[in-house]
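Note sheet for the following structure.
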Amino acid sequence: MNFVKKTPSCQLFFVKIKQNRLISHTESEADRMEYKFADIEKRWQDYWEDNHTFKTEDDFSKPKFYVLDMFPYPSGSGLHVGHPEGYTATDIVARYKRMNGFNVLHPMGWDAFGLPAEQYAIETGTHPSLTTQNNCDNFRRQIKALGLGYDWDREINTTDPGYFKWTQWIFIRLYNTWFDEELQKGRPIAELDIPAEIKAAGEAAVTEYIVEKRLAYYDDAQVWWCPHCRIVCSNEEVLNDGMHEKCGNPVERKNLKQWMLRIPLYAERLLAGLEKVDWPEGVKDMQRNWIGRSTGAEVDFKVEGANETLRVFTTRPDTLFGATYMVVAPEHPLLDTFATAGQKSTVDAYVAQAGLKSELDRSDLSREKSGVFTGTYAINPVNNAKVPIWVADYVLMGYGTGAIMAVPCHDTRDFEFASAFGLSIPCILDPDTDDKVLREQVIQGLACWIGDGRYINSASEETGLDINGLSKEEGIATCIKWLHQNKLGTEAINYKIRDWLFSRQRYWGEPFPIIHWEDGEITLLEESQLPLQLPELEKYEPGSHGESPLANATEWLHVRDENGRKGKRETNTMPQWAGSCWYYLRYIDPKNDKEPFSKAKENYWLPVDLYVGGAEHAVLHLLYSRFWHKVLFDLGIVSTDEPYTKLFNQGMILAFAYETEAGAKVSSDLVVERDGSFFHTGTGEKLTQIVAKMSKSLKNVVNPDDVVRVFGADSLRLYEMFLGPLDAVKPWVENGVKGVYNFLNRVHRFFADTSHYHEGEEDQELRKSLHATIKKVGGDVEALHFNTAISQMMIFTNLAIKKGKITRTSAEAFIRVLGPFAPHLAEEIWSILGNSGSIAEAPWPPFDESMLQEDSHEYPVMINGKLRFKILLPLNMAEEEIKEQVLSHETAQKWTEGADPKRFIHVPKKIINIVV
RNA sequence: GCGGAUGUGGCGGAAUUGGUAGACGCGCUAGACUUAGGAUCUAGUUCUUUCGAGAGUGGGGGUUCGAGUCCCUUCAUCCGCACCA
């Protein structure tokens with residue numbers, strides 16, 4: 001553990017290890033009563049393994065509960081304490097649900113394709129599968145050491161050919177599916193109607209038509225390329241500052257043939273589905289934001305002296321009267337025709353310069369807007385005004401039509417641009433604001449107003465359109481209608497979401513079941529030919545120009561069909577998202593080699609009832625996974641429209657770190673504590689304690705193995721849950737583990753010692769507390785409020801110890817409540833109490849509401865809103881009598897000075913308030 | 001700039017529909033048992049205090065008999081998105 005020197009727990013660490021070593025050969029009475037967590041945990045983990053306690057049967061007669069963790073990438077460095085946070089939470093829920101009669105599916109597996117194993121192969125020549133296997137073994141060992149009740153018979157691994165066979169199988173289905181926009185549904189490509197004029201144009205045209213409809217297609221794409229990793233990155237893997245998310249080096253643009261998936265076609269479905277699921281609002285918003293739906297209109301502008309029209313997308317067709325110029329993106333296909341002879345060199349220079357700029361520069365908001373006039377004018381359809389066409393890089397080719405109408409007075413970007421280039425800024429909307437100065441400025445064209453108001457200067461006799469006096473909403477509707485009637489434009493919806501770049505130039509990923517033939521034809525492998533496995537390689541290095549290492553696997557690469565036609569296999573592999581898109585489906589039938597999963601099992605187990613994982617997957621994994629699921633749903637392969645009913649994000653666990661006054665971070669092994677202050681061991685400089693992400697460089701990573709060694713798995717589990725609300729970001733405070741460790745010690749000392757049991761009636765107060773505990777813990781588990789559940793169990797234990805005696809019945813009930821949280825200790829005590837079998841299979845104890853009923857209540861009495869005294873009153877006492885009793889109380893007399901109160905408020909079972 | 005959260009003792013955090021603020025735990029203080037305590041047990045622990053009480057949930061205002069909770073306003077921190085027309 002990388003604790004700061006001289007903290008108590010470091011010393012405790014040492015003592016505990018010594019103690020555990022000594023235990024085995026001194027079996028005195030005192031030792032027998034010790035909480036020997038290492039022995040206990042080993043014993044029960046072996047028991048669970050030997051007895052397959054957590055094996056899930058497909059017993060369709062029981063109600064099901066599918067609780068899923070986001071499966072990890074098995075990295076070389078093993079688990080950190082962040083992993084068990086979510087895993088413990090789902091384990092508690094799984095055990096709780098099982099005790100309540102549910103057939104629970106709670107599986108674990110490995111998202112094992114990915115760069116680190118491949119990077120390691122490049123450096124050492126070790127095959128990635130070997131590295132992967134070792135890492136999985138280590139992860140599995142660590143997870144088992146935490147007592148997590150997974151059904152290991154269902155373990156899956158995305159790199160297993162028995163798994164990725166079906167990933168390839170799904171890809172084939174994506175390829176062979178088109179999206180029927182009318183029905184808003186994916187359909188088999190065989191059901192695609194080919195229009196007569198396409199058929200008439202010949203086979204090539206038909207093929208092209210089909211290719212354009214497939215959900216998966218192969219095309220030239222301008223992609224992000226990371227020269228450091230020599231890999232293509234998706235938009236999502238590029239950070240805002242233009243750096244590669246994985247390695248932190250700058251990415252660049254490159255043109256490559258790539259596989260793409262048409263996820264934007266599912267935008268409406270993906271949006272609609274969010275309404276039905278129980279997910280954190282923030283995640284839903286992030287997905288909505290990512291999809292980026294906006295409604296408006298597409299408007300065609302005639303171009304002076306040309307046949308082409310310039311089409312723009314706008315969300316504000318109502319502001320057409322204020323459009324004083326047009327802007328096209330530097331990549332716009334019509335730009336060449338717009339550039340007049342006089343402006344050509346200027347335009348070319350600008351486009352060249354824009355092309356050189358990195359995306360980072362282009363998207364820097366603080367940057368001054370740039371652009372040049374093309375020399376050509378367009379005609380504003382609402383008033384036939386001549387408006388100049390400019391080119392500027394603040395307009396992006398990738399959104400809308402790559403061209404805009406600029407309304408400087410009512411759009412901040414256009415306002416900035418017009419201000420910079422001295423273009424006119426006519427106001428067409430009288431702002432709805434109380435700020436007189438601002439309103440005047442807007443009307444003068446000196447300020448920009450994007451809110452609501454009433455139109456002015458928005459009429460033309462020539463075209464017959466008049467929206468003066470209307471509000472924004474009315475204006476938009478009127479203009480769209482007018483555009484439609486005059487065939488100048490139409491209502492339109494635009495999305496930010498783009499086609500998903502679905503290939504990587506890497507070795508360690510799923511190979512595409514694709515052959516590119518010498519004549520240009522692309523074919524897919526037959527299902528019987530799956531899985532297409534990866535070839536063995538000597539070298540795993542990617543080419544420096546974007547080709548995958550698979551391009552060197554000559555024997556694997558080259559194929560010939562029965563007619564002697566030559567072909568090459570696809571050398572790209574699928575991205576890491578592929579395997580994680582559907583793994584929740586494989587768990588339900590992981591060993592099926594006939595189909596990805598049996599329909600009957602899918603029908604029973606899906607959807608996932610509870611899905612727990614980090615917020616970092618809020619958009620990508622969850623959106624991609626929903627997309628695939630919807631395609632599978634449309635094809636009748638799965639029976640639900642959404643895969644995950646309830647989603648929960650656990651908060652990140654942070655750790656203390658240290659920084660100098662200048663803000664420089666100091667590695668924890670260079671920090672010493674003296675009298676509550678922190679100092680640099682080298683320079684002696686005083687340091688500030690901060691909370692930061694755990695990282696190798698700060699040396700503040702807490703390894704669960706170390707915590708388990710010192711305090712045991714039950715303590716680790718309990719502490720992870722006791723730390724705070726599951727969804728909160730919270731710092732790991734090493735001393736805190738001691739609190740729950742003490743609690744487990746107390747539980748062990750009291751409940752494992754049968755001399756504390758008695759045969760008679762249970763103590764009233766203790767029985768009431770027990771039933772309150774059963775109720776509270778059950779409710780808290782359902783609500784994922786584990787921290788308060790644990791504190792309730794502490795309250796009960798403290799009371800039981802105070803009472804000194806307990807009945808066996810009460811103890812057995814309590815131990816079953818504790819079971820999901822601290823399963824090893826619970827099993828141990830359960831067996832000491834003479835029960836055979838696992839406590840995991842015992843029923844959750846019933847609680848009796850009548851035990852919680854009170855016949856009297858200790859009322860806090862407030863006088864003028866301040867608590868003055870408390871009084872015990874029967875609940876069935878008449879209002880008048882209560883008033884009399886309370887007012888005659890000596891403290892009440894003192895504060896009221898005998899006078900009649902103005903008001904007397906009695907809230908039954910709550911409070912009494914006297915107003916004087 | 002937009003969207004989402006969060007703000008409570010020395011610390012992590014509790015507080016159904018507005019109803020005893022600080023549960024539970026850490027830490028700390030005192031005591032007991034002990035060769036010892038870093039084990040265990042007991043008591044205490046929001047702050048101020050003239051020991052009557054007063055103040056108190058980021059700040060300011062409001063509604064209410066009563067506000068951590070509702071409303072308005074403001075500040076701070078975190079996360080996500082960001083020239084998306």
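Lettering of chains follows the sequences in order, A, B, ..., and the numbering in each one begins at 1. Because only heavy atoms are used, hydrogens play no part in the values below, and waters and symmetry mates are left out as well, while side chains stay in.
With a cut-off of 3.5 Å on both Watson-Crick or G-U wobble distances, the partner of B:rA43 is given as B:rU29. In this structure, B:rC78 and B:rG4 make a Watson-Crick or G-U wobble pair, each of the two defining distances being under 3.5 angstrom. A 3.5 Å limit on both hydrogen-bonding distances identifies B:rA53 as the Watson-Crick or G-U partner of B:rU48. As the counterpart of B:rA67, no nucleotide is assigned, since no Watson-Crick or G-U wobble pattern has both distances under 3.5 Å. Across all strands shown, B:rA36 has no partner, as no Watson-Crick or G-U wobble contact with both distances under 3.5 Å is found. Base pairing analysis places B:rA23 opposite nothing; no Watson-Crick or G-U wobble pair with both distances below 3.5 Å involves it.
When distances are taken from the side chain of A:Arg749 to each of B:rU40, B:rA85, B:rG13, the shortest belongs to B:rU40. The nucleotide whose nearest atom lies closest to any side-chain atom of A:Pro860 is, among B:rU20, B:rA85, B:rG3, B:rU20. Here the side chain of A:Pro731 is nearest to one of B:rA85, B:rG12, B:rU20, namely B:rG12.
A:Phe313 and A:Tyr399 have perpendicular rings, their planes meeting at more than 60° on a 0 to 90° scale where under 30° would count as parallel.
Put simply, the side chain of A:Asp278 never gets that close to the backbone of A:Leu647: no donor and acceptor are under 3.5 Å apart. The closest donor-acceptor contact from the side chain of A:Gln287 to the backbone of A:Ala618 lies under 3.5 Å. Although no hydrogens or angles enter the test, the distance criterion places a donor-acceptor pair under 3.5 Å between the side chain of A:Tyr325 and the main chain of A:Asp414.
Of the P atoms belonging to B:rA23 and B:rU46, the separation is 8 Å, rounded to the nearest Å. Rounded to whole Å, the C1' atom of B:rG44 lies 16 Å from the corresponding atom of B:rG10. B:rG19 and B:rC24 have their C1' atoms separated by 22 Å, given to the nearest Å. Spacing of C1' atoms, B:rG68 relative to B:rU20, comes out at 14 Å, to the nearest Å. B:rU73 and B:rG52: their C1' atoms are spaced 38 Å apart (whole Å). If you take atom C1' in B:rU49 and the same atom in B:rA15, they sit 27 Å apart, rounded to whole Å. Using atom P as the reference point in both B:rU8 and B:rG58, the two lie 6 Å apart (nearest Å).
In terms of polar N and O atoms assigned as donor or acceptor, the side chain of A:Lys910 never comes within less than 3.5 Å of the base of B:rU20 in a complementary pairing. Residue A:Lys776 places no side-chain atom within donor-acceptor reach of the base of B:rU16, judged by atom type and a 3.5 Å distance cut-off alone. Between the side chain of A:Lys902 and the base of B:rC65 there is no donor-acceptor pair of N/O atoms closer than 3.5 Å.
Taking the six-membered ring for Trp and the full ring otherwise, A:Tyr859 and A:His906 have centroids separated by under 6.0 Å. Ring to ring, A:Phe786 and A:Phe722 are not that close: their centroids are 6.0 angstrom or more apart. Aromatic ring centroids of A:His771 and A:Phe847 lie 6.0 Å or more apart. The aromatic ring centres of A:Trp732 and A:Phe656 sit 6.0 Å or more apart. No close placement of the A:Phe711 and A:Phe37 rings is indicated, their centers lying 6.0 Å or farther apart.
Glycosidic conformation of B:rG9: syn, with the torsion inside 90° of 0. For B:rG27, the base is anti relative to its sugar; the glycosidic angle deviates from 0 by more than 90°.
A:Pro725 comes within 4.0 angstrom of the backbone, heavy atoms only, and of no base.
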Item to check | Per-nucleotide protein contact string for nucleotides 28-33 of chain B, where B marks a base within reach and S marks sugar-phosphate only (heavy atoms under 4.0 Å, - for neither) | outcome: ------
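Whole-Å rounding puts the A:Asp318 CG to B:rA85 C1' distance at 13 Å. When the C1' atom of B:rG22 is taken as reference, atom CG of A:Leu867 falls 14 Å away, rounded to whole Å. Counting to the nearest Å, the P atom of B:rC83 and the CZ atom of A:Phe313 are 16 Å from each other. For the pair A:Lys909 NZ and B:rU16 C1', the interatomic distance rounds to 12 Å; values are reported in whole Å. Distance, A:Leu726 CG to B:rG13 C1': 14 Å, rounded to whole Å. Rounding to whole angstrom units, CH2 of residue A:Trp290 and C1' of B:rG4 are separated by 17 Å. The interatomic distance linking A:Asp285 (CG) with B:rC81 (C1') rounds to 11 Å, in whole Å. Rounded to whole angstrom, the span from the NZ atom of A:Lys802 across to the P atom of B:rC41 amounts to 14 Å.
Comparing A:Gly724 and A:Thr401, the nucleotide of RNA chain B nearest to each residue sits closer to the 5' end for A:Gly724.
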Check the interface with nucleotides 23-27 of chain B: list each N/O to N/O pair with the protein under 3.5 Å, or write none.
unit_1: B:rG25; atom_1: OP1; unit_2: A:Asn798; atom_2: ND2; d: 3.0
unit_1: B:rC26; atom_1: OP1; unit_2: A:Asn742; atom_2: ND2; d: 3.4
unit_1: B:rG27; atom_1: OP1; unit_2: A:Lys738; atom_2: NZ; d: 3.0

Each nucleotide N or O in nucleotides 76-80 of chain B that has a protein N or O under 3.5 Å away: list the pair and distance.
none

Between N or O atoms, less than 3.5 Å apart, protein on one side and nucleotides 66-73 of chain B on the other: list the pairs.
none

Under 3.5 Å, which N/O atoms of the protein pair with N/O atoms of nucleotides 54-56 of chain B?
unit_1: B:rG54; atom_1: OP2; unit_2: A:Arg868; atom_2: NH1; d: 3.2
unit_1: B:rA55; atom_1: OP2; unit_2: A:Lys866; atom_2: NZ; d: 3.1

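For A:Arg868, the CZ atom is densely surrounded, since the number of other residues' heavy atoms within 6.0 Å is greater than 12. For A:Glu765, the CD atom sits in a loose shell: 12 or fewer heavy atoms of surrounding residues, nucleotides or ligands are nearer than 6.0 Å. Shown here is A:Ile450, whose CD1 atom has no more than 12 heavy atoms of other residues, nucleotides or ligands within 6.0 Å. By the neighbour-count criterion of 12 heavy atoms within 6.0 Å, atom NZ of A:Lys693 is sparsely surrounded, having that number or fewer from other residues, nucleotides or ligands.
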Next on the checklist: Test ring pair (Phe, Tyr, Trp, His ring centres under 6.0 Å) on A:His889 and A:Phe869; report intermediate values, then the result.
Outcome noted: CA-CA 9 Å; A:His889 191 276; A:Phe869 64 95; 3.8 Å; yes
Next on the checklist: For a side-chain contact (heavy atoms from CB on, under 4.5 Å) check, start with the C-alpha distance between A:Asn649 and A:Glu616, then their side-chain angles and the critical distance, and finish with the verdict.
Outcome noted: CA-CA 9 Å; A:Asn649 295 127; A:Glu616 66 273 20; over 6 Å; no
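When all heavy atoms of A:Pro381 and A:Val299 are compared, the closest pair comes out as CG-CG1, 4.0 Å. Smallest separation of non-hydrogen atoms from A:Thr891 and A:Ile863: O-CD1, 4.5 Å. Of all non-hydrogen atoms in A:Met694 and A:Leu654, the two that sit nearest each other are CE-O, 3.8 Å.
For the side-chain contact (heavy atoms from CB on, under 4.5 Å) test, residues two or more places apart in sequence or in another chain that qualify with A:Arg293 are A:Glu268, A:Leu271, A:Thr295, A:Ile493, A:Tyr495.
A:Leu716 places none of its side-chain heavy atoms less than 4.5 Å from the side chain of A:Thr88.
For A:Thr412 and B:rC83, the shortest distance from a side-chain N or O to OP1 or OP2 is not below 4.0 Å.
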